[in-house]
Amino acid sequence: MDDKLFLIAIGGTGMRCLESFVHLCAAGMFDNRTIQILTLDTDQNNGNKTRVEDLIELYNKVKTNDASNQGGAPRNNTFFSAKLNLYRFFTDYSKPGRMTLSALCRTNNLNQKDSADNQDLTDLFYDAETVQDFKLDHGYRAQTHLGSMLMYHGIIEAAASVKRGQNVKQQEKELYEFLELLSQNAAHARVFVFGSVFGGTGASSIPVIPLAISEALTIIKGGTHQLNLNSVLFGSTLLTDYFTFGTPTQEQIGHDRVVADAKNFALNSQAALSFYEEDPSVRNTYKRMYHIGWPTKVNYSSGREGDVITGGALQRNACHIAELMSACAAYDFFTTPRDVLENITNAQYVFRTVETDDHGNLILSGKSFVGEKDGVKFENKLGALLSLAHVILSKFHGAEEGQRGTKRLLDYLDDAAFQEYNDLEDAQADEIDNYLKEFAYKFLNGNVEFGWIYQINKSVEPGKFIFTSEAFKTDIQSLKNIDPGMVLADPRYHWQKKGSIFSSDADRRFNTFITIVKNPDTLPADSQGVTLKERFLAHLYNAITDAQNFTE
């Protein structure tokens with residue numbers, strides 16, 4: 001019996017790690033799996049949180065054929081092979097009585113002495129001028145001692161609300177649904193947590209999540225019920241500082257009270273790692289903790305003016321290779337044999353080194369991300385999705401505003417006497433376009449807006465990331481002439497050329513692709529897809545991976 005897979009993304013950085021994970025699912029790295037995903041934050045309007053939740057909804061639209069199969073079904077050896085179920089929970093600090101720690105700590109009906117004692121105890125742990133009075137709706141702002149208490153309290157509070165059954169908020173219902181599934185499958189469950197250790201929300205929450213989950217279930221299901229934390233396998237990223245931002249002005253500090261300062265990120269990471277190493281609940285609960293870092297720091301304040309953005313709707317930071325490494329850590333945890341993880345008695349810290357050139361620049365291949373065993377599979381699947389994106393977005397103009405790339409491809413196949421998928425609806429074709437735009441790029445107002453994989457590649461420069469420079473053309477004219485058949489760095493995986501020698505190499509490689517599509521050998525099996533849209537995507541997957549000449 002396969003283990004049931006659960007994923008928790010915490011804070012802004014955790015959301016971007018989840019974004020990379022979703023794109024790995026789109027590439028087909030999690031065949032035949034259903035994954036329960038919980039987004040967990042204090043900041044319900046966080047831009048990175050909104051972006052990844054919208055991405056998961058778009059992913060599920062691609063997998064959905066009609067109203068009868070929302071989110072589709074898990075499939076094998078194809079694009080979008082995993083089924084993703086999304087649950088959202090956030091701690092609500094929007095009301096006046098909940099906006100600050102001082103507001104949360106006020107207790108009614110206390111006499112003067114008890115009230116004074118309560119305040120003295122609060123003052124002992126939390127600075128009265130800053131920490132007690134900053135607004136909590138943008139996260140814990142690197143105040144991990146505060147964040148751990150409040151995140152634990154927020155989950156327990158939600159459980160109590162569900163137990164009462166009155167005025168239960170939507171986010172509390174979704175948390176309950178996630179926890180109920182975990183409880184039902186505890187004997188065969190794996191939970192992986194995405195979060196950083198240099199900020200506030202992620203670093204605060206990683207240590208308390210297992211215990212908070214267990215106690216929340218005890219509250220909801222009754223005092224005799226406890227989640228067996230020894231049977232549930234927990235893993236987590238330990239993502240250290242890989243980005244920075246500008247120093248906040250005194251004016252911003254004056255009105256925000258507390259602003260995370262990037263100068264302290266390295267120290268924050270050291271403190272969190274030291275705590276995790278010493279804390280018995282962390283050591284005894286987590287099986288593997290993946291220590292991930294990056295040698296240089298990207299500045300997310302570059303080109304911006306005004307206040308440092310550390311939360312809210314405006315926090316929509318570009319994606320980074322460290323987040324893809326974190327997504328691959330989840331892949332390692334989910335694919336490691338259960339008996340190997342069960343035999344770990346204290347949290348095992350793991351990391352992976354990567355190759356560099358003579359100048360110290362990184363050279364990243366598939367094995368850099370998922371190890372020797374699955375490195376070729378990683379290159380094959382991610383390369384196939386990038387080639388598909390170029391076919392749809394560039395070859396058939398899907399990146400352009402108002403244009404339908406997948407529909408144009410279908411019309412091209414019809415002209416080539418291949419009518420297998422003519423009944424695919426325009427709306428279904430548009431959903432494929434829209435996902436690939438988020439994955440790769442789109443054209444807006446005469447400019448290129450780069451999606452996930454372009455942002456990942458940019459963060460590696462001047463190092464090398466699996467693909468050729470041809471794969472990452474950046475201006476519109478070059479993209480319109482791109483060759484989808486030679487995206488991978490190894491020439492063995494370039495599509496062969498077929499057709500007139502007077503045609504361009506790109507056109508001749510595309511002719512090879514169309515010939516393979518029309519070959520009956522690439523028709524999808526039932527395990528790859530049942531609905532017309534599933535079979536269409538699986539057919540494209542078969543043709544592209546065939547053209548790439550991989551032998552996994």
Is it true that K395 and D507 have a side-chain N and a carboxylate O under 4.0 angstrom from each other?
-> yes
Check whether any side-chain N or O of D546 sits under 3.5 Å from a backbone N or O of N542 as a donor-acceptor pair, and report yes or no.
-> no
In terms of side-chain geometry, is the basic nitrogen of K407 or D411 positioned less than 4.0 Å from the acidic oxygen of its partner?
-> yes
E323 with R16: basic N within carboxylate O range, under 4.0 Å = yes
Charged N-O contact under 4.0 Å between E534 and K83 = no
Specify the closest pair of heavy atoms between T468 and M486, including all atoms of both residues, with the distance to one decimal.
-> OG1-O, 3.0 Å
Apply ring-ring contact (aromatic ring centres under 6.0 Å, His included) to the pair H539 and F79, showing each step before the final yes or no.
-> CA-CA 10 Å; H539 200 148; F79 297 124; over 10 Å; no
Within a strict 4.5 Å, meaning less than it, do heavy atoms of the Q548 and W495 side chains meet?
-> yes
When you measure from the side chain of D475 to the backbone N and O of S478, does any donor-acceptor pair fall under 3.5 Å?
-> yes
Name the orientation class of the two ring planes belonging to F334 and F192 (parallel below 30°, tilted from 30 to 60°, perpendicular beyond 60°).
-> perpendicular
Counting distance only, does the side-chain N/O of N519 pair as donor-acceptor with the main-chain N or O of V517 below 3.5 Å?
-> no
How long is the span from the CG atom in L55 to the CG atom in N434, to the nearest 0.5 Å?
-> 11.5 Å
How about Q70: does its CD atom have over 12 heavy atoms from other parts shown lying under 6.0 Å from it?
-> yes
Rounded to the nearest 0.5 angstrom, the CG-CG distance for D414 and L409 is 11.0 Å
Residues passing the ring pair (Phe, Tyr, Trp, His ring centres under 6.0 Å) test with F510, sequence neighbours excluded, are F396, Y412, F513
Residues passing the ring pair (Phe, Tyr, Trp, His ring centres under 6.0 Å) test with F472, sequence neighbours excluded, are Y454, F467
Roughly how far, to the nearest 0.5 Å, is the CZ atom of F178 from the CG atom of L40?
-> 9.5 Å
So, D357 and K464, do they make that salt bridge, N to O below 4.0 Å?
-> no
Going by distance alone, is a donor N or O of one side chain under 3.5 Å from an acceptor N or O of the other, for Q528 and R75?
-> no
For the pair E470 (side chain) and D483 (backbone), establish whether a donor and an acceptor sit closer than 3.5 Å, ignoring hydrogens and angles.
-> yes
Measure across I363 and T356 and return the closest heavy-atom pair with its distance rounded to 0.1 Å.
-> CD1-C, 4.0 Å
Does CD belonging to Q403 count more than 12 external heavy atoms closer than 6.0 Å?
-> yes
Is it true that a side-chain atom of Q455 and a backbone atom of F450 form a donor plus acceptor pair closer than 3.5 Å?
-> yes
Determine, step by step, whether Y349 and F351 satisfy the ring-ring contact (aromatic ring centres under 6.0 Å, His included) criterion, reporting the C-alpha distance in whole Å, the side-chain angles of both residues, the deciding distance to 0.1 Å, and the verdict.
-> CA-CA 7 Å; Y349 294 85; F351 62 93; over 10 Å; no
Find the distance between CD (E379) and NZ (K367) and round it off to the nearest 0.5 Å.
-> 9.5 Å
Is the shortest distance from a Lys or Arg side-chain nitrogen in R404 or D430 to a carboxylate oxygen in the other one below 4.0 Å?
-> yes
Report all side-chain donor-acceptor pairs from residues 21-37 shorter than 3.5 Å, counting only partners two or more places apart or in another chain.
from : atom 1 : to   : atom 2 : distance (Å)
H23  : ND1    : Y435 : OH     : 2.9
D31  : OD1    : N77  : N      : 3.2
D31  : OD1    : S81  : OG     : 2.7
D31  : OD2    : N77  : N      : 3.1
R33  : NH2    : D3   : O      : 2.3
Q36  : OE1    : N85  : ND2    : 3.1
Q36  : OE1    : Y87  : OH     : 3.3

Atom CD of E372: over 12 foreign heavy atoms under 6.0 Å = no
Sub-3.5 Å donor-acceptor pair from the side chain of R352 to the main-chain atoms of F369, do we have one?
-> yes
T39 to K49 - nearest heavy-atom pair and separation = OG1-CE, 4.1 Å
CG of L233 to CZ of F333: how many Å apart, nearest 0.5 Å?
-> 5.5 Å
NZ (K4) and NE2 (H188) are apart, to the nearest 0.5 Å, by 9.0 Å
